[in-house]
*Asks:* 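Quick one: the structure is below, questions incoming.
Naming: A, B, ... by sequence-line order, numbering from 1 per chain.
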Amino acid sequence: MKIQPVKGTRDFYPPQMAVRNFIVDGWKASSIRNGFVEYDGPIFEHLQMYQVKSGDEIVEQLFNFTDRGGRHLAIRPEITPTLARMVNKQINALPRPIKWFSVPRLCRAERPQKGRLREFFQWNIDIIGVEDVLADAEVVYCSLDYLRSVGLTSGDVVAKISSRRLLAALLKNIGIAEDKLESLYPILDKKTRIPVEAFVEMLGKEIDSTDTVQTVLKLMDVHLVDEIPDIVKLNEEAKVSLDELIQVFAYLRTMGVEDWCRFDMSIVRGLAYYTGMVFEIHDKAGDLRAVCGGGRYDNLLSDFGGPKVTATGMGMGDAVLEILLREKGLLRDDSLDIQKLDYFVACLDADLLDKAVNITAQLREKGHASNFSYKTGALKKQMKVADSMNAAKCIILGAEFKDSKQLVVKDMQTGEQELLDAESLFKS
RNA sequence: GUGGAUGUAGCUCAGUUGGUUAGAGCACUAGAUUGUGGAUCUAGGGGUCGGGGGUUCGAAUCCCCUCAUCCACCCCA
C-alpha cells in the first residue's frame with residue numbers, strides 16, 4: 001500500500017534540508033546580529049486563542065482537533081498569540097525592551113498555491129514595550145538586513161511602508177465613521193490585487209458618498225507624504241501620525257536603508273489589530289506575494305488578558321522567499337553542501353579495517369567530522385566516496401601503515417599528501 | 001469551496017492515426033583500472049504508464065469516475 005504525503009506538505013530530503021537550513025540559519029544569524037533572542041512555544045494551543053482576534057471564520061482555516069479530555073485544540077497557524085500569552089505570563093519579570101525572535105513551523109488548512117503551503121516556516125521578530133517609532137524602524141531594518149545578507153539589493157525588493165494610525169485619522173477626516181474602519185481595512189488591503197472597478201464597487205458598499213470613494217481612491221495612490229494635504233485636510237491626529245511616519249523614514253535613513261524603503265498608502269494589512277506603522281516587503285517586479293509583512297500592534301497583549309503594552313513586529317515565510325531567491329539566482333540546488341567532513345578514512349586492506357575504525361573514532365572524539373569506508377580495497381572507489389562526502393582530507397591506511405605505522409594524509413583540495421603517524425594526526 | 005492545466009523509472013521527459021516484451025538523459029550499483037577523487041566507456045537494477053471502471057481482438061494512448069500535483073479565484077494571520 002502506497003501512502004502519499006499529505007496535501008500541501010513537503011518532504012525534506014537532504015538537498016531540500018540544506019536549502020531549509022540555509023534560510024533558517026540566515027534568519028537566526030540576522031536576528032542575533034540585530035540583538036534579538038530566541039523563544040519558542042508549543043506547536044498546538046487552545047483553539048480559542050486563535051478566535052480571540054480573528055473570529056470563528058478562522059476555524060475553517062486551521063487544523064483543529066479535540067483531545068481525549070475534550071479540549072478543543074489547534075495546530076498553530078501563527079505564533080503571535082503564543083508570544084502574547086508567554087509575554088503576558090511574565091510581563092513583570094521580563095527586562096524591557098523585549099526583543100524576541102522565533103522560527104516556528106506553522107500549519108494552515110488552506111488550498112496550496114504558488115508561495116503558499118499548508119505547512120511552512122515563518123521567521124518572526126517582535127519588539128515589545130517600546131513606544132518610539134525607532135522600534136518600528138528597527139523591525140523594518142532587521143528584515144532588510146537579512147534580505148541584504150543573502151544577496152538581494154534595493155533593486156530586487158522594496159519595503160512599502162504606511163501607517164494605520166495615519167490612515168484612520170485621514171478616513172475619519174473625510175467623514176468615515178470609526179466603526180466602519182474595521183470592515184474597510186480588508187477591502188483597502190486588496191487595492192493592488194484587484195481591478196479598480198471591483199475595488200470601487202466594494203468601497204461603494206461600505207461608503208455612501210461617491211465623492212468620498214473617489215477621495216479614498218486618490219488617497220490610496222499616494223506615494224509622497226507631501227501630497228496628502230492636497231487630498232485631505234490634516235487634523236491634529238493626522239498631523240501627529242504623519243510626523244511619526246516621517247520619523248520612521250528618518251530613522252531608516254540613519255540606518256542606511258532609505259533606498260529600500262518607500263511610502264505607500266495602499267499598504268493596509270487585512271488584520272484589524274494593527275494600530276501604527278504597517279509595512280510589507282515585495283519583489284520589485286510585483287510578481288510574488290509579499291515576502292514579509294508586519295507593523296505595530298498596541299492592543300494584542302491586552303486582548304490576551306495582559307496589560308496594555310505596545311509592540312511591533314513582522315513575519316517572513318519561507319515559501320515566497322525561496323521562490324524569490326531562486327528567481328534572483330541567489331539559491332541554486334548545487335550551491336549548498338549537503339555534507340561536510342573533516343576526514344574520510346580509506347582502508348586498502350581488510351586487515352586494517354579495525355585500525356581505520358579506531359582512528360575514525362579518535363578523530364570524532366577530538367571533534368572532527370569523520371567517516372570510514374565500509375568497504376576495503378579499491379582505493380579509487382573510496383576516493384570517490386570521500387569526494388562525494390565533501391571531505392577536506394582523506395586518510396589512507398595501506399602498506400605504509402603495515403611497514404612503519406605511517407598514515408597517508410591527502411588534502412582533497414590541493415591534492416597534496418603527507419606521511420604522518422597517528423599521534424601527530426590527533427594533535428592537529 | 002470554484003475554475004483551468006497536468007499525472008509514464010528516484011528526477012527531467014520521449015512514446016507516431018490505439019498494435020507485440022514501454023524508452024532516453026541524469027541519478028544509483030558494478031566493472032573497465034586490485035594504491036589515488038570530480039572525466040569517459042560498458043553493463044546492471046529500478047515502472048501494475050496515479051488509482052478504479054468502461055469501449056476494443058488489443059489501451060500509456062479513447063471515454064467516465066476518483067485521487068494527487070501545479071496555476072488562478074476565495075482567503076491570506
*Asks:* Assess whether one donor atom and one acceptor atom, taken from the side chain of Arg116(A) and the base of C75(B), lie less than 3.5 Å apart.
*Replies:* yes
*Asks:* Measure up the Tyr146(A) and Trp123(A) rings against each other and bin them: parallel (under 30°), tilted (30 to 60°), perpendicular (over 60°).
*Replies:* perpendicular
*Asks:* Rounded to whole Å, how long is the line connecting atom CG of Leu83(A) with atom C1' of A77(B)?
*Replies:* 14 Å
*Asks:* Could you tell me if Lys393(A) sits above the aromatic ring of Tyr343(A), with its cationic atom closer than 6.0 Å to the ring centre and no more than 45 degrees from the axis?
*Replies:* no
*Asks:* Asp349(A) and salt bridge (Lys or Arg N to Asp or Glu O under 4.0 Å): which partner among Lys402(A), Lys375(A), Lys355(A)?
*Replies:* Lys402(A)
*Asks:* Let's test this: given Watson-Crick or G-U wobble pairing with both distances under 3.5 Å, identify the partner of C49(B).
*Replies:* none
*Asks:* Mind checking Ile396(A) for me? I need base, sugar-phosphate or nothing, with any heavy atom below 4.0 Å counting as a touch.
*Replies:* base
*Asks:* So Glu400(A), base contact, sugar-phosphate only, or nothing? Heavy-atom distance under 4.0 Å.
*Replies:* base
*Asks:* Measuring centre to centre across the rings, with the benzene-like ring taken for any Trp, is Tyr374(A) within less than 6.0 Å of Phe372(A)?
*Replies:* yes
*Asks:* Does C26(B) have a Watson-Crick or wobble mate here (both distances under 3.5 Å), and if so which one?
*Replies:* G10(B)
*Asks:* If you only use heavy atoms from C-beta on, which nucleotide in G3(B), C76(B), A77(B) is closest to the side chain of Arg111(A)?
*Replies:* G3(B)
*Asks:* Quick one: label Gly415(A) by what it contacts on the DNA or RNA (base, sugar-phosphate, nothing), any heavy atom closer than 4.0 Å.
*Replies:* base
